[in-house]
Amino acid sequence: MLVSIIGTILLLARAGSGQTYILGVTDSAGKNGYNHEPMFSHLLRPDIPVMDMYSTHMTCRTLDMNDKVKPFVVAAGEVVPLTYEKKDVSPISGQPIKGPCSFYLSNTTAKGKGAVWFPIEKTGSDGTLWCSELIKKNGYTHGVKIPKDIPAGTYYLRSEIIDLSAYLDNKYEDFTREPQFYIDCLAITVTGSGKVAPKGSKIPGIYNNAESKFLINVDSATDSKKFIIPGPAIDPLLITAP
């Protein structure tokens with residue numbers, strides 16, 4: 001299934017200063033039956049990051065996991081092209097957003113609860129650009145490849161971008177110097193005949209006792225390139241699947 005960005009379909013409420021929430025995704029023909037309603041109701045303001053890694057809002061930034069929008073259909077092994085809001089400054093620190101991206105899947109039957117989330121992509125820095133900066137460089141878009149061997153079904157695709165830049169400036173109060181999590185989820189239907197079912201993790205829960213692992217000078221090329229994104233590793237079977 002060929003997919004490309006040819007417009008923005010509003011999946012989540014628009015507002016604010018953070019680049020890191022998903023506006024939408026379309027197929028190559030501009031079809032998929034999307035409406036312009038939020039996927040979830042009772043969303044937190046999309047311009048305000050989640051700053052408590054133990055909060056229930058870490059799941060999908062909402063407590064209502066009843067999806068409102070028809071899922072985007074993609075074949076296993078193909079790419080979901082995401083479009084983000086064209087903002088790149090933290091509303092908390094006032095600094096440019098700099099940090100890694102992680103993308104998780106969870107079957108929608110569990111409504112995001114329990115040990116059901118598994119990572120499919122974790123992108124940090126190549127020493128020059130962080131994932132958040134790469135999204136901006138690519139016109140506020142990012143393509144997430146769906147593993148070829150996962151079972152067919154409907155999933156939540158969870159996008160998480162972690163802003164680490166607030167640690168650089170000591171003038172802020174302590175609460176502004178925590179990592180800032182920009183999180184969104186959208187529903188996708190995966191087609192195919194895969195059989196790999198990766199072990200899942202609870203969200204919140206993937207960063208328990210990991211506060212010190214987020215301490216980094218984001219402007220150091222050496223430190224940025226060596227940075228290991230906290231949280232569960234990608235299942236090797238997903239990495240090596242042909």
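Hydrogens, waters and symmetry mates play no part in the numbers below; they use all other heavy atoms, side chains included. This structure is a prediction, so every number in the text was calculated from the model and none was measured.
Every side chain to side chain contact (heavy atoms under 4.5 Å, CB included) that N208 has, sequence neighbours left out, goes to Y54. For T109, the side-chain hydrogen bond (donor to acceptor under 3.5 Å, both in side chains) partners at least two apart in sequence or on another chain are N107.
Listed here is the closest heavy atom pair of P179 and M53: CG-CE, 4.0 Å. A pairwise comparison of heavy atoms in D184 and R61 identifies OD1-NH2, 2.6 Å as the closest pair. Residues S55 and V50 approach most closely at CB-CG1, 4.4 Å, considering heavy atoms. Heavy-atom minimum distance, D223 versus I216: O-CD1, 3.3 Å. Residues I97 and S132 share a closest heavy-atom pair of O-OG, 3.1 Å. Residue G231 comes nearest to K122 through the heavy atom pair O-NZ, 3.4 Å, listed as atom of the first residue, atom of the second, then distance.
Looking at heavy atoms from C-beta onward, D149 lies out of side-chain contact with L237 at the 4.5 angstrom threshold. Contact check for I135 versus E133: no side-chain heavy atoms found under the 4.5 Å cut-off. In this structure, the side chains of I120 and I234 stay at 4.5 Å or more apart for every pair of heavy atoms. Side-chain contact between S106 and R158 is absent, with no heavy-atom pair separated by less than 4.5 Å. The shortest side-chain heavy-atom distance between K98 and L164 does not fall under the 4.5 Å cut-off. Between P49 and Y182, the closest side-chain pair of non-hydrogen atoms falls below 4.5 Å. For the pair V144 and V79, the minimum side-chain heavy-atom distance is 4.5 Å or more. Side-chain atoms of I162 and Q180, non-hydrogen and from C-beta on, never get closer than 4.5 Å to each other.
Note that the CD atom of E78 and the NZ atom of K145 stand 8.0 Å from one another [nearest 0.5 Å]. A distance of 9.0 Å separates CG of L82 from OG1 of T141, quoted to the nearest 0.5 Å. From K113, atom NZ reaches atom OG1 of T59 across 7.0 Å, with rounding to the nearest 0.5 Å. The line from CD of E121 to OG1 of T123 is 3.5 Å long, rounded to the nearest 0.5 Å.
Within 6.0 Å of CG in L129 there are more than 12 heavy atoms belonging to other residues, nucleotides or ligands.
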Cut-off 3.5 Å, no hydrogens considered: what does the side-chain donor-acceptor table look like for residues 188-207, sequence neighbours left out?
from: T189; atom 1: OG1; to: T154; atom 2: OG1; distance (Å): 3.1
from: Y207; atom 1: OH; to: E160; atom 2: OE2; distance (Å): 2.4

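Listed by first then second residue, pairs satisfying ring-ring contact (aromatic ring centres under 6.0 Å, His included) with a partner in residues 183-203 number zero, not counting sequence neighbours. Among pairs with a residue in residues 82-116, those fulfilling disulfide (SG to SG under 2.5 Å) read C101-C131, at least two apart in sequence or across chains. Identified under the ring-ring contact (aromatic ring centres under 6.0 Å, His included) test for residues 91-133, with sequence neighbours left out: F103-H142, W130-F227.
Distance alone, capped at 3.5 Å, places no donor-acceptor pair between the S224 side chain and the A221 backbone. N217 places a side-chain N or O within donor-acceptor distance of the main-chain N or O of D219, the cut-off being under 3.5 Å.
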Worksheet item: How far apart are the C-alpha atoms of Y84 and S159, what are their side-chain angles, what is the distance that settles it, and do they pass the side-chain hydrogen bond (donor to acceptor under 3.5 Å, both in side chains) test?
Response: CA-CA 10 Å; Y84 290 85; S159 166; 2.8 Å; yes
Worksheet entry | Stepwise side chain to side chain contact (heavy atoms under 4.5 Å, CB included) test for M58 and I183 | CA-CA 7 Å; M58 283 290 289; I183 299 161; 3.6 Å; yes
